[in-house]
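The structure appears below as C-alpha coordinates.
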There are 2 protein chains.
Amino acid sequence: MTIKQAAQADANAGVRVWKRLVQAGQQTMAAVEADLKAAGLPPLIWYDALWELEQAGEEGLRPFELERAMLLAQYNLSRLLDRLEAAGHVARCRCPGDGRGQMIRLTDAGRLLRQTMWPVYANAIHTHITVHLNQGEADQLADALALLVRPRP
Amino acid sequence: MTIKQAAQADANAGVRVWKRLVQAGQQTMAAVEADLKAAGLPPLIWYDALWELEQAGEEGLRPFELERAMLLAQYNLSRLLDRLEAAGHVARCRCPGDGRGQMIRLTDAGRLLRQTMWPVYANAIHTHITVHLNQGEADQLADALALLVRPRP
DNA sequence: GTTAGATTAATGCAATTGCATCTATCGGAG
DNA sequence: CTCCGATAGATGCAATTGCATTAATCTAAC
(Lines give C-alpha, C1' and ligand atoms only; values in the text may rest on other atoms or scores of the structure.)
Protein backbone atom coordinates (compact mmCIF):
# COMPACT_ATOMS: atom_id res chain seq x y z
CA MET A 1 0.00 0.00 0.00
CA THR A 2 1.47 3.36 -0.96
CA ILE A 3 1.52 6.31 1.37
CA LYS A 4 -1.14 7.97 -0.71
CA GLN A 5 -3.40 4.93 -0.46
CA ALA A 6 -2.91 4.77 3.27
CA ALA A 7 -3.91 8.43 3.61
CA GLN A 8 -6.95 7.71 1.48
CA ALA A 9 -8.00 4.75 3.60
CA ASP A 10 -7.58 6.88 6.66
CA ALA A 11 -9.72 9.66 5.22
CA ASN A 12 -12.44 7.17 4.33
CA ALA A 13 -12.41 5.80 7.85
CA GLY A 14 -12.79 9.35 9.14
CA VAL A 15 -15.75 9.98 6.88
CA ARG A 16 -17.37 6.75 8.00
CA VAL A 17 -16.95 7.75 11.63
CA TRP A 18 -18.35 11.19 10.88
CA LYS A 19 -21.45 9.89 9.16
CA ARG A 20 -22.27 7.41 11.87
CA LEU A 21 -21.49 9.84 14.63
CA VAL A 22 -23.92 12.34 13.18
CA GLN A 23 -26.57 9.75 12.54
CA ALA A 24 -26.28 8.03 15.91
CA GLY A 25 -26.17 11.39 17.65
CA GLN A 26 -29.23 12.75 15.90
CA GLN A 27 -31.27 9.59 16.18
CA THR A 28 -30.65 8.95 19.85
CA MET A 29 -31.02 12.60 20.74
CA ALA A 30 -34.32 12.83 18.91
CA ALA A 31 -35.51 9.60 20.53
CA VAL A 32 -34.65 10.76 24.03
CA GLU A 33 -36.28 14.16 23.47
CA ALA A 34 -39.35 12.40 22.17
CA ASP A 35 -39.56 10.23 25.28
CA LEU A 36 -39.36 13.29 27.51
CA LYS A 37 -42.02 15.06 25.52
CA ALA A 38 -44.24 12.00 25.55
CA ALA A 39 -44.05 12.08 29.34
CA GLY A 40 -45.15 15.71 29.29
CA LEU A 41 -41.74 16.92 30.42
CA PRO A 42 -39.60 19.82 29.19
CA PRO A 43 -36.64 19.33 26.85
CA LEU A 44 -33.23 17.93 27.71
CA ILE A 45 -31.58 21.31 27.82
CA TRP A 46 -33.68 22.21 30.82
CA TYR A 47 -32.47 19.09 32.55
CA ASP A 48 -28.86 19.93 31.81
CA ALA A 49 -29.20 23.39 33.27
CA LEU A 50 -31.02 22.15 36.37
CA TRP A 51 -28.41 19.45 36.83
CA GLU A 52 -25.48 21.82 36.61
CA LEU A 53 -27.16 24.13 39.08
CA GLU A 54 -27.90 21.31 41.47
CA GLN A 55 -24.28 20.21 41.31
CA ALA A 56 -23.16 23.74 41.99
CA GLY A 57 -24.91 23.80 45.34
CA GLU A 58 -26.55 26.47 47.40
CA GLU A 59 -24.83 29.59 46.12
CA GLY A 60 -25.60 28.88 42.48
CA LEU A 61 -23.64 29.67 39.36
CA ARG A 62 -22.82 32.72 37.31
CA PRO A 63 -24.44 32.64 33.88
CA PHE A 64 -21.07 32.62 32.18
CA GLU A 65 -20.09 29.54 34.16
CA LEU A 66 -23.23 27.77 33.11
CA GLU A 67 -22.57 28.92 29.58
CA ARG A 68 -19.20 27.18 29.55
CA ALA A 69 -20.44 24.08 31.31
CA MET A 70 -23.25 23.66 28.80
CA LEU A 71 -21.34 24.76 25.69
CA LEU A 72 -24.13 27.18 24.96
CA ALA A 73 -23.99 30.55 23.23
CA GLN A 74 -24.35 33.49 25.58
CA TYR A 75 -27.64 34.70 24.15
CA ASN A 76 -29.05 31.19 24.13
CA LEU A 77 -28.28 30.75 27.77
CA SER A 78 -29.73 34.14 28.59
CA ARG A 79 -32.99 33.13 27.01
CA LEU A 80 -32.99 29.65 28.47
CA LEU A 81 -32.71 31.32 31.86
CA ASP A 82 -35.63 33.59 30.94
CA ARG A 83 -37.76 30.50 30.37
CA LEU A 84 -36.55 28.65 33.44
CA GLU A 85 -37.12 31.73 35.56
CA ALA A 86 -40.59 32.33 34.11
CA ALA A 87 -41.44 28.73 34.96
CA GLY A 88 -40.17 29.27 38.50
CA HIS A 89 -37.34 26.75 38.35
CA VAL A 90 -34.45 29.14 38.88
CA ALA A 91 -33.97 32.52 40.51
CA ARG A 92 -31.71 35.30 39.29
CA CYS A 93 -30.06 36.78 42.35
CA ARG A 94 -27.85 39.83 42.77
CA CYS A 95 -24.21 38.94 42.61
CA PRO A 96 -22.22 40.11 45.60
CA GLY A 97 -18.96 41.60 44.39
CA ASP A 98 -19.82 41.98 40.73
CA GLY A 99 -22.52 44.44 39.82
CA ARG A 100 -22.68 43.24 36.23
CA GLY A 101 -23.41 39.70 37.11
CA GLN A 102 -25.92 37.44 38.77
CA MET A 103 -26.05 34.25 40.69
CA ILE A 104 -28.45 31.71 39.27
CA ARG A 105 -29.96 29.49 41.91
CA LEU A 106 -32.15 26.45 41.66
CA THR A 107 -35.52 26.83 43.35
CA ASP A 108 -37.30 24.01 45.14
CA ALA A 109 -39.54 23.65 42.12
CA GLY A 110 -36.46 23.35 39.95
CA ARG A 111 -34.98 20.66 42.14
CA LEU A 112 -38.25 18.80 42.05
CA LEU A 113 -38.49 19.04 38.30
CA ARG A 114 -35.03 17.60 37.84
CA GLN A 115 -35.92 14.70 40.11
CA THR A 116 -39.11 14.13 38.17
CA MET A 117 -37.30 14.14 34.86
CA TRP A 118 -34.51 11.81 35.81
CA PRO A 119 -36.35 8.48 35.78
CA VAL A 120 -37.77 9.20 32.35
CA TYR A 121 -34.41 10.39 31.11
CA ALA A 122 -32.59 7.39 32.52
CA ASN A 123 -35.09 5.05 31.00
CA ALA A 124 -34.69 6.72 27.63
CA ILE A 125 -30.92 6.33 27.79
CA HIS A 126 -31.43 2.71 28.66
CA THR A 127 -33.81 2.13 25.78
CA HIS A 128 -31.85 3.95 23.13
CA ILE A 129 -28.28 3.30 24.21
CA THR A 130 -27.64 0.74 26.90
CA VAL A 131 -29.80 -1.97 25.42
CA HIS A 132 -27.78 -1.97 22.21
CA LEU A 133 -24.40 -2.52 23.87
CA ASN A 134 -22.86 -5.09 26.14
CA GLN A 135 -20.48 -3.96 28.84
CA GLY A 136 -17.37 -4.29 26.71
CA GLU A 137 -18.86 -2.52 23.74
CA ALA A 138 -20.06 0.31 25.90
CA ASP A 139 -16.68 0.83 27.54
CA GLN A 140 -14.94 0.68 24.22
CA LEU A 141 -17.33 3.14 22.61
CA ALA A 142 -17.07 5.56 25.50
CA ASP A 143 -13.28 5.45 25.27
CA ALA A 144 -13.27 5.94 21.53
CA LEU A 145 -15.65 8.88 21.74
CA ALA A 146 -13.45 10.47 24.36
CA LEU A 147 -10.74 10.77 21.71
CA LEU A 148 -12.97 13.14 19.80
CA VAL A 149 -14.09 15.31 22.66
CA ARG A 150 -12.05 18.46 22.71
CA PRO A 151 -10.59 19.07 26.17
CA ARG A 152 -12.09 22.15 27.77
CA PRO A 153 -9.94 25.23 27.46
CA MET B 1 -20.87 -8.92 41.80
CA THR B 2 -24.60 -9.28 42.27
CA ILE B 3 -27.06 -9.10 39.43
CA LYS B 4 -28.21 -5.72 40.68
CA GLN B 5 -24.68 -4.37 40.73
CA ALA B 6 -24.07 -5.64 37.23
CA ALA B 7 -27.19 -3.88 36.00
CA GLN B 8 -25.99 -0.73 37.70
CA ALA B 9 -22.57 -0.89 36.09
CA ASP B 10 -24.24 -1.44 32.77
CA ALA B 11 -26.49 1.57 33.24
CA ASN B 12 -23.52 3.71 34.17
CA ALA B 13 -21.69 2.62 31.06
CA GLY B 14 -24.74 3.56 29.01
CA VAL B 15 -24.89 6.98 30.58
CA ARG B 16 -21.20 7.52 29.92
CA VAL B 17 -21.69 6.59 26.29
CA TRP B 18 -24.67 8.91 26.06
CA LYS B 19 -22.85 11.89 27.50
CA ARG B 20 -19.86 11.51 25.26
CA LEU B 21 -21.93 10.77 22.22
CA VAL B 22 -23.86 13.98 22.72
CA GLN B 23 -20.76 16.00 23.46
CA ALA B 24 -18.68 14.61 20.60
CA GLY B 25 -21.63 14.95 18.24
CA GLN B 26 -22.34 18.55 19.19
CA GLN B 27 -18.74 19.66 19.23
CA THR B 28 -17.73 18.16 15.92
CA MET B 29 -20.96 19.22 14.25
CA ALA B 30 -20.54 22.78 15.44
CA ALA B 31 -16.89 22.80 14.37
CA VAL B 32 -17.68 21.53 10.89
CA GLU B 33 -20.53 24.01 10.46
CA ALA B 34 -18.23 26.77 11.60
CA ASP B 35 -15.62 25.79 9.01
CA LEU B 36 -18.22 25.88 6.25
CA LYS B 37 -19.48 29.24 7.38
CA ALA B 38 -15.97 30.61 7.64
CA ALA B 39 -15.48 29.65 4.00
CA GLY B 40 -18.64 31.57 3.11
CA LEU B 41 -20.55 28.38 2.32
CA PRO B 42 -24.08 27.32 3.23
CA PRO B 43 -24.80 24.87 6.05
CA LEU B 44 -24.29 21.14 6.06
CA ILE B 45 -27.92 20.34 5.49
CA TRP B 46 -27.70 21.95 2.07
CA TYR B 47 -24.80 19.68 1.26
CA ASP B 48 -26.71 16.62 2.35
CA ALA B 49 -29.66 17.46 0.15
CA LEU B 50 -27.48 18.25 -2.86
CA TRP B 51 -25.56 15.04 -2.34
CA GLU B 52 -28.66 12.87 -2.16
CA LEU B 53 -29.99 14.51 -5.30
CA GLU B 54 -26.73 14.05 -7.13
CA GLN B 55 -26.70 10.38 -6.16
CA ALA B 56 -30.25 10.03 -7.40
CA GLY B 57 -29.27 11.02 -10.92
CA GLU B 58 -31.03 12.79 -13.73
CA GLU B 59 -34.65 12.15 -12.86
CA GLY B 60 -34.34 13.48 -9.34
CA LEU B 61 -36.15 12.45 -6.17
CA ARG B 62 -39.60 12.83 -4.72
CA PRO B 63 -39.64 15.05 -1.64
CA PHE B 64 -40.84 12.19 0.52
CA GLU B 65 -37.85 10.11 -0.58
CA LEU B 66 -35.48 12.89 0.32
CA GLU B 67 -37.33 13.26 3.60
CA ARG B 68 -36.60 9.66 4.51
CA ALA B 69 -33.03 9.73 3.27
CA MET B 70 -32.28 12.80 5.33
CA LEU B 71 -34.34 11.89 8.41
CA LEU B 72 -36.00 15.27 8.19
CA ALA B 73 -39.51 16.30 9.17
CA GLN B 74 -41.81 16.89 6.23
CA TYR B 75 -42.28 20.59 6.87
CA ASN B 76 -38.57 21.09 7.38
CA LEU B 77 -37.79 19.49 4.07
CA SER B 78 -40.49 21.52 2.36
CA ARG B 79 -38.85 24.68 3.59
CA LEU B 80 -35.32 23.56 2.89
CA LEU B 81 -36.45 23.00 -0.69
CA ASP B 82 -37.94 26.50 -0.73
CA ARG B 83 -34.53 27.89 0.13
CA LEU B 84 -32.60 25.68 -2.25
CA GLU B 85 -35.01 26.51 -5.03
CA ALA B 86 -34.87 30.23 -4.30
CA ALA B 87 -31.08 30.02 -4.49
CA GLY B 88 -31.36 28.22 -7.82
CA HIS B 89 -29.79 24.95 -6.71
CA VAL B 90 -32.76 22.68 -7.27
CA ALA B 91 -35.83 22.70 -9.46
CA ARG B 92 -39.28 21.48 -8.51
CA CYS B 93 -40.66 19.64 -11.54
CA ARG B 94 -44.08 18.18 -12.24
CA CYS B 95 -44.26 14.55 -11.33
CA PRO B 96 -45.44 12.33 -14.15
CA GLY B 97 -47.95 9.84 -12.81
CA ASP B 98 -48.67 11.53 -9.47
CA GLY B 99 -50.42 14.85 -9.55
CA ARG B 100 -49.83 15.45 -5.86
CA GLY B 101 -46.10 15.11 -6.06
CA GLN B 102 -43.01 16.59 -7.60
CA MET B 103 -39.62 15.56 -8.78
CA ILE B 104 -36.78 17.52 -7.25
CA ARG B 105 -33.81 17.88 -9.58
CA LEU B 106 -30.39 19.28 -9.05
CA THR B 107 -29.55 22.23 -11.28
CA ASP B 108 -26.09 22.86 -12.70
CA ALA B 109 -25.61 25.52 -10.05
CA GLY B 110 -26.55 22.96 -7.41
CA ARG B 111 -24.05 20.45 -8.73
CA LEU B 112 -21.39 23.12 -8.77
CA LEU B 113 -22.16 24.19 -5.23
CA ARG B 114 -21.81 20.67 -3.96
CA GLN B 115 -18.47 20.34 -5.66
CA THR B 116 -17.36 23.62 -4.18
CA MET B 117 -18.41 22.60 -0.70
CA TRP B 118 -16.81 19.18 -0.69
CA PRO B 119 -13.14 20.15 -0.25
CA VAL B 120 -14.01 22.38 2.68
CA TYR B 121 -16.26 19.73 4.17
CA ALA B 122 -13.69 16.99 3.70
CA ASN B 123 -11.03 19.11 5.26
CA ALA B 124 -13.27 19.83 8.24
CA ILE B 125 -13.91 16.13 8.77
CA HIS B 126 -10.19 15.56 8.61
CA THR B 127 -9.44 18.28 11.13
CA HIS B 128 -12.13 17.41 13.61
CA ILE B 129 -12.34 13.63 13.27
CA THR B 130 -9.65 11.86 11.31
CA VAL B 131 -6.73 13.55 12.97
CA HIS B 132 -7.80 12.29 16.37
CA LEU B 133 -7.97 8.62 15.44
CA ASN B 134 -5.59 6.07 14.01
CA GLN B 135 -6.89 3.50 11.54
CA GLY B 136 -7.76 0.92 14.16
CA GLU B 137 -9.51 3.38 16.43
CA ALA B 138 -11.51 4.75 13.55
CA ASP B 139 -12.67 1.35 12.40
CA GLN B 140 -13.54 0.34 15.92
CA LEU B 141 -15.46 3.55 16.58
CA ALA B 142 -17.37 3.29 13.32
CA ASP B 143 -18.35 -0.29 14.17
CA ALA B 144 -19.42 0.61 17.68
CA LEU B 145 -21.51 3.54 16.50
CA ALA B 146 -23.20 1.29 13.99
CA LEU B 147 -24.66 -0.65 16.90
CA LEU B 148 -26.60 2.44 17.91
CA VAL B 149 -27.90 3.43 14.51
CA ARG B 150 -31.43 2.25 14.13
CA PRO B 151 -31.87 0.29 10.92
CA ARG B 152 -34.12 2.10 8.47
CA PRO B 153 -37.68 0.84 8.48
C1' DG C 1 -9.48 59.87 39.95
C1' DT C 2 -10.04 59.38 34.90
C1' DT C 3 -10.27 56.84 31.15
C1' DA C 4 -9.71 53.07 27.67
C1' DG C 5 -10.58 48.47 27.00
C1' DA C 6 -12.45 44.13 28.53
C1' DT C 7 -16.18 41.43 30.58
C1' DT C 8 -21.14 40.32 31.81
C1' DA C 9 -25.58 39.99 30.44
C1' DA C 10 -29.74 41.52 27.74
C1' DT C 11 -32.31 42.51 23.51
C1' DG C 12 -34.15 43.92 18.62
C1' DC C 13 -34.60 41.64 14.58
C1' DA C 14 -34.11 37.97 11.07
C1' DA C 15 -33.85 33.03 10.06
C1' DT C 16 -35.09 28.52 11.29
C1' DT C 17 -37.81 24.96 13.53
C1' DG C 18 -41.95 22.82 15.46
C1' DC C 19 -46.85 22.12 15.47
C1' DA C 20 -51.22 21.89 13.62
C1' DT C 21 -53.88 22.26 9.88
C1' DC C 22 -55.08 22.62 5.01
C1' DT C 23 -55.48 21.51 0.01
C1' DA C 24 -55.05 18.41 -3.64
C1' DT C 25 -54.67 14.05 -5.42
C1' DC C 26 -54.63 9.06 -5.21
C1' DG C 27 -56.53 4.34 -4.76
C1' DG C 28 -59.58 1.08 -3.43
C1' DA C 29 -64.50 -0.40 -1.79
C1' DG C 30 -69.02 -0.38 -2.95
C1' DC D 1 -68.82 6.35 -11.07
C1' DT D 2 -68.70 8.03 -6.22
C1' DC D 3 -67.15 8.18 -1.78
C1' DC D 4 -63.75 7.68 1.86
C1' DG D 5 -59.54 7.08 4.05
C1' DA D 6 -54.66 7.59 3.03
C1' DT D 7 -50.73 10.06 1.03
C1' DA D 8 -48.04 14.27 -0.79
C1' DG D 9 -46.85 18.58 0.04
C1' DA D 10 -47.59 23.57 1.65
C1' DT D 11 -48.46 27.04 5.11
C1' DG D 12 -50.05 30.12 9.28
C1' DC D 13 -48.48 30.84 13.59
C1' DA D 14 -45.70 30.24 17.81
C1' DA D 15 -41.25 29.02 19.86
C1' DT D 16 -36.43 28.84 19.40
C1' DT D 17 -31.95 30.11 17.56
C1' DG D 18 -28.48 33.11 15.48
C1' DC D 19 -26.49 37.62 14.77
C1' DA D 20 -25.37 42.09 15.88
C1' DT D 21 -25.53 45.54 19.04
C1' DT D 22 -26.27 47.70 23.53
C1' DA D 23 -25.93 48.95 28.51
C1' DA D 24 -23.68 48.41 32.67
C1' DT D 25 -19.84 47.39 35.31
C1' DC D 26 -15.17 46.08 36.16
C1' DT D 27 -9.93 46.43 35.72
C1' DA D 28 -5.77 48.39 34.94
C1' DA D 29 -2.95 52.07 33.16
C1' DC D 30 -2.14 56.58 33.53
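So you know, we letter chains A, B, ... as the sequences are listed, proteins then strands, and number each from 1. Computed from a predicted structure; not experimentally measured.
- Shortest non-hydrogen contact noted between Thr107(B) and Gly88(B) is OG1-O, 2.7 Å.
- Judged by closest nucleotide on DNA chain D, Gly101(B) is the one of Trp46(A) and Gly101(B) placed further toward the 5' end.
- For the pair Asp98(A) CG and dA24(D) C1', the computed distance is 10 Å after rounding to whole Å.
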Residue pair Leu147(B), Glu137(A): steps toward the side chain to side chain contact (heavy atoms under 4.5 Å, CB included) verdict: CA-CA 9 Å; Leu147(B) 297 172; Glu137(A) 289 164 342; 3.6 Å; yes

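- Counting non-hydrogen atoms under 4.0 angstrom, Arg62(B) reaches the backbone sugars and phosphates but no base.
- Linking ILVMFWY residues whenever their side-chain heavy atoms come closer than 4.5 Å, directly or via other members, places Val32(B) and Val120(B) in the same cluster.
- Of the residues in residues 83-96 of chain B, those with a non-hydrogen atom less than 4.0 angstrom from any atom of DNA chain C are Arg83(B).
- For the OP1/OP2 pair of dG9(D) and a distance below 4.0 Å, the side-chain nitrogens and oxygens of Ser78(B) include no atom meeting the criterion.
- Rounded to whole Å, atom P of dA20(D) lies 14 Å from atom CG of Asn76(A).
- Ile104(A) and Phe64(A) end up in different hydrophobic clusters when Ile, Leu, Val, Met, Phe, Trp and Tyr side chains are linked at under 4.5 Å.
- OP1 and OP2 of dT7(D) both lie 4.0 Å or more from every side-chain N or O belonging to Gln74(B).
- First and last contacting nucleotides of DNA chain C toward chain B (any atom under 4.0 angstrom from a heavy atom, 5' to 3' order): dT16(C) to dC26(C).
- Here the side chain of Phe64(B) is nearest to one of dA8(D), dC19(D), dA10(D), namely dA8(D).
- No single ILVMFWY cluster, assembled from side-chain heavy atoms under 4.5 Å apart, contains both Met103(A) and Leu77(A).
- The backbone N or O of Glu58(B) lies less than 3.5 Å from a partner atom in the side chain of Arg105(B), making a donor-acceptor pair.
- One hydrophobic cluster holds both Ile129(B) and Val22(A) under the rule that ILVMFWY side chains link at heavy-atom gaps under 4.5 Å.
- At a threshold of 4.0 angstrom between heavy atoms, the contacts of Asp82(A) with the nucleic acid are absent.
- Take the nearest nucleotide of DNA chain C for Pro43(B) and for Glu67(A): the residue whose nucleotide is more 5' is Glu67(A).
- Taking every side-chain heavy atom of Arg100(B) into account, dA8(D) is the closest of dA8(D), dT25(D), dT11(D).
- Residue Gln27(A) comes nearest to Arg150(B) through the heavy atom pair OE1-N, 2.8 Å, listed as atom of the first residue, atom of the second, then distance.
- Aromatic ring pairs are classed by plane angle as parallel below 30°, tilted from 30° to 60° and perpendicular above 60°; the pair Trp51(A) and Tyr47(A) is parallel.
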